[in-house]
Amino acid sequence: MPINDLKTLWEKTLSELELQISKPNFLTWFKNSRLVNKNPQTGVATVGVNNNFAKEWVQSKYHKAILEALQNFDEEISRVEYIVFSPEVEEKIFKKPKPQIEEVGQVGFPEFSVHPETNLHPRYTFNGFVVGSSNELAYAASLAVAKEVGKKYNPFFVYGGTGLGKTHLIQAIGNEITKTYKNRVKVKYVPSERFVNDVVWAIRSKRMDDIKNKYRTIDVLIIDDVQFIGGKERSEEELFHTFNILHQNNKQIIISSDRPPSAIPVLEERLRSRFEAGMIVDITYPDYEMKVAIIKNKTQEKGFDLSDDISHLIASKIQRNVREIEGVINKLHFYKEYKGKDLDVKTAEEIINNTIQQAAVNINPAHILKCVGQFFEISQNDILNKSRRKEIVLPRQVAMFLLRDILGMSYPDIGEKVGKRDHTTAIHSYEKIALEITKNRDLNQKIILLKELINKNP
Ligand code: ADP
Ligand code: MG
């Protein structure tokens, strides 16, 4: 099908979809979408969207509507697939390939660099980790863990606020061990969300043995953001047993969390005491000098020069989060490299201020309710009011679930926030959704997407 026909077909489809989807959602998810291909033999239409997040979202929420709308205009279409269609991909598909030289240093697709067995990303190394007073103990202990695997500090528990380098550090341990022992030692990095998902699907498909085999044969198990497992009973139980077996066999266990074990409210006592029996270290906020050092390190990694003035400006303006520092550097880098413009202090300051403002939207109950409303395409009033309609009740329960799951709010507070309801309603909602997501794949997926939306601080 020629590109122009694809374009027309997609325009028609969009005009149909526009009638079914609220305006903000339509703009958010379909603004830069397009029909990339249609295969007349197989009947497969390929829709391109902006990023992975949009892909999962569009697929899970609008798939049926898209397929039907497309079929309205083209009966040959029997299936729709989705791809991420960024400007780089477009370049590859539609334009002549660039000369080799330009490809060097091109921004790659980071997810492709993750090692398929260990899940480790090679960029997280000890070398690339700047050490200062806020993390020196954590760093020294991590080195020791990598050196004396399973012997010295086991389990090893790192905690600290978001964006302060926990993931970097625990992955660096994994990368260091892999470097030393090659494939003689089986290392696996597992975000807690993935662990929980694995457990959920093992239960669903009655294949608990698979999960046992998968996790209990590992030599170095790295679990990131374990606070997420707290309160998910079957996952806690599975982690507890995995933990015991690995530990008995002197396998190394490395855990990160945003708070110490004692402060994860719903963590089962026996798991908490296992964590507390090992080495616990924290990472706190970097001081000024360390921030400057991190900035130097990051710009060097990118091979890009930043004046001392601008480095100091970033260090003084960005208070806490190393991830934000990186975000600013990326933006400045982009500005300089891709726009080919010189960076003066004034422009840099504008870019920094912008970044800070964006990050300032913190996660509060109102933000969560707003995201839930957007996701289910209902209004705030619908959530707060008394309507018993099915399409309102579920989102309302999900909202209550998330207020507890993400913010750890008390049941009376949740009831109060969500239309002055009784605390028993909040308890019921939380428990219902918590159970439902272990059984209902679709809802589970929605909750994951919603959490991503909430965390994205749009
Ligand atoms: P967390 O897991 O604590 O939320 P991350 O490990 O994801 O934080 O760190 C956020 C970003 O900041 C990462 O890109 C990481 O490489 C970088 N970073 C954090 N701390 C340091 C440090 N001390 N030195 C170098 N980079 C760091
Ligand atoms: Mg992390």
Side-chain angles (χ1 to χ4, degrees), residues 107-108 110-111 113-114 119-143 145-146 156-176 188-196 221-230 254-260 263-264 280-302 304 306 311 314-315 318-334 355-356 358-359 362-363 406 451-452 454-457:
V107 194
E111 55 269 54
S113 318
V114 171
N119 294 332
L120 293 168
H121 198 294
R123 74 178 270 263
Y124 295 122
T125 60
F126 283 135
N127 243 339
F129 193 76
V130 176
V131 185
S133 57
S134 67
N135 61 15
E136 60 194 348
L137 182 63
Y139 176 77
S142 298
L143 281 181
V145 170
F156 180 55
F157 192 105
V158 184
Y159 74 90
T162 159
L164 296 181
K166 300 180 300 290
T167 297
H168 188 137
L169 199 54
I170 59 178
Q171 288 220 17
I173 302 175
N175 275 318
E176 184 69 20
K188 207 167 206 58
Y189 167 82
V190 188
S192 291
E193 236 142 354
R194 183 162 328 162
F195 187 82
V196 171
L221 177 63
I222 307 174
I223 303 256
D224 205 355
D225 287 320
V226 82
Q227 77 277 355
F228 180 78
I229 293 182
I254 300 166
I255 299 154
S256 89
S257 161
D258 64 352
R259 51 208 123 156
I264 307 178
I280 301 181
V281 292
D282 70 344
I283 302 186
T284 58
Y285 301 113
D287 58 23
Y288 187 85
E289 288 72 18
M290 193 174 153
K291 284 189 273 186
V292 176
I294 289 174
I295 294 162
K296 292 262 177 272
N297 178 288
K298 299 284 170 192
T299 46
Q300 238 168 34
E301 260 177 21
K302 292 181 180 302
F304 132 81
L306 210 54
S311 302
I314 301 174
I318 297 197
Q319 291 307 323
R320 309 188 130 187
N321 191 322
V322 182
R323 190 175 291 130
E324 264 168 59
I325 294 181
E326 277 194 325
V328 167
I329 292 173
N330 285 339
K331 282 190 193 157
L332 297 174
H333 186 207
F334 180 83
T355 312
I356 297 174
Q358 276 173 13
N362 48 13
I363 300 178
I406 297 175
K451 282 188 178 168
E452 275 185 51
I454 290 164
N455 283 323
K456 275 181 100 173
N457 288 342

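Ligands are counted one by one from 1 in listed order, and the atoms in each one are counted from 1 as well.
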Problem - Closest approach of any protein heavy atom to atom 4 (O) of ligand 1, naming residue and atom - result: G163 N, 2.7 Å

Handout entry: Working for side chain to side chain donor-acceptor pair (under 3.5 Å), residues N330 and K298
Key = CA-CA 9 Å; N330 285 339; K298 299 284 170 192; over 6 Å; no

Problem - Minimum-distance pair of heavy atoms, taken over all atoms of S192 and D224 - result: OG-O, 2.7 Å

Practice task
Work out which heavy atom in F157 is nearest to a heavy atom in P260; give both atom names and the distance.
Solution key: CE2-CA, 4.2 Å

Handout entry: Heavy atom of N135, distance to ligand 1 below 4.0 Å
Key = yes

Exercise for the section: Answer yes or no as to whether an N/O/S atom of T167 is found below 2.8 Å from the Mg ion (ligand 2). Expected result: yes

Practice task
Please indicate whether any nitrogen or oxygen in G165 is less than 3.5 Å from any nitrogen or oxygen in ligand 1.
Solution key: yes

Fill in the blank from the handout: Nearest heavy-atom approach of K188 to N119 is CG-ND2, 4.3 Å

Practice task
With side chain to side chain contact (heavy atoms under 4.5 Å, CB included) as the test, would you mind laying out the steps for L169 and Y124 before giving the verdict?
Solution key: CA-CA 7 Å; L169 199 54; Y124 295 122; over 6 Å; no

Problem - Within-cut-off N or O pair, L169 and ligand 1, under 3.5 Å - result: no

Exercise for the section: Just do the side chain to side chain contact (heavy atoms under 4.5 Å, CB included) check on F195 and V226 with the steps written out, would you? Expected result: CA-CA 10 Å; F195 187 82; V226 82; over 6 Å; no

Practice task
Do me a favour and list the nearest non-hydrogen protein atom to atom 27 (C) of ligand 1 with residue, atom name and distance?
Solution key: V322 CG1, 3.6 Å

Practice task
Provide, to 0.1 Å, the distance between atom 25 (C) of ligand 1 and the closest protein heavy atom, together with that atom's residue and name.
Solution key: G128 O, 3.2 Å

Practice task
Say whether V130, considering both its backbone and side-chain N or O atoms, lies within less than 3.5 Å of an N or O atom on ligand 1.
Solution key: yes

Problem - Reported CD1-to-CZ distance for the pair I255 and F156, which is rounded to 0.5 angstrom - result: 10.5 Å

Handout entry: Per-atom contacts, ligand 1 versus K298 - under 4.0 Å to a heavy atom
Key = 16 (O), 17 (C), 25 (C), 26 (N), 27 (C)

Practice task
Please say whether L164 places an N or O atom under 3.5 Å from an N or O atom belonging to ligand 1.
Solution key: yes

Handout entry: Nearest heavy-atom neighbours spanning N135 and V131
Key = OD1-CA, 3.4 Å

Completion exercise
Heavy-atom closest pair (I318 atom, N321 atom, distance to 0.1 Å) is CG2-O, 3.8 Å

Problem - Heavy atom of G161, distance to ligand 1 below 4.0 Å - result: yes

Completion exercise
The option among M290, K166, H168 carrying the non-hydrogen atom nearest to atom 15 (C) of ligand 1 is H168

Handout entry: Shortest protein contact, atom 7 (O) of ligand 1 (heavy atom only)
Key = R323 NH2, 3.0 Å

Problem - Check: Y288 and V292 side chains under 4.5 Å, non-hydrogen atoms - result: yes

Exercise for the section: Can you sort out which atoms of ligand 1 are near R123, meaning under 4.0 Å from one of its heavy atoms? Expected result: 14 (O), 16 (O)

Handout entry: T167, any N or O under 3.5 Å of ligand 1 N or O
Key = yes

Exercise for the section: Output yes when the distance from some N or O of ligand 1 to some N or O of N297 is under 3.5 Å, and no in every other case. Expected result: no

Completion exercise
atom 13 (C) of ligand 1 has as its nearest protein heavy atom E326 OE1, 3.4 Å

Exercise for the section: List the atom of S257, the atom of K166, and the distance in Å for their closest heavy-atom pair. Expected result: O-CD, 3.3 Å

Exercise for the section: Compute the minimum heavy-atom distance from G160 to ligand 1 and say whether it is under 4.0 Å. Expected result: no

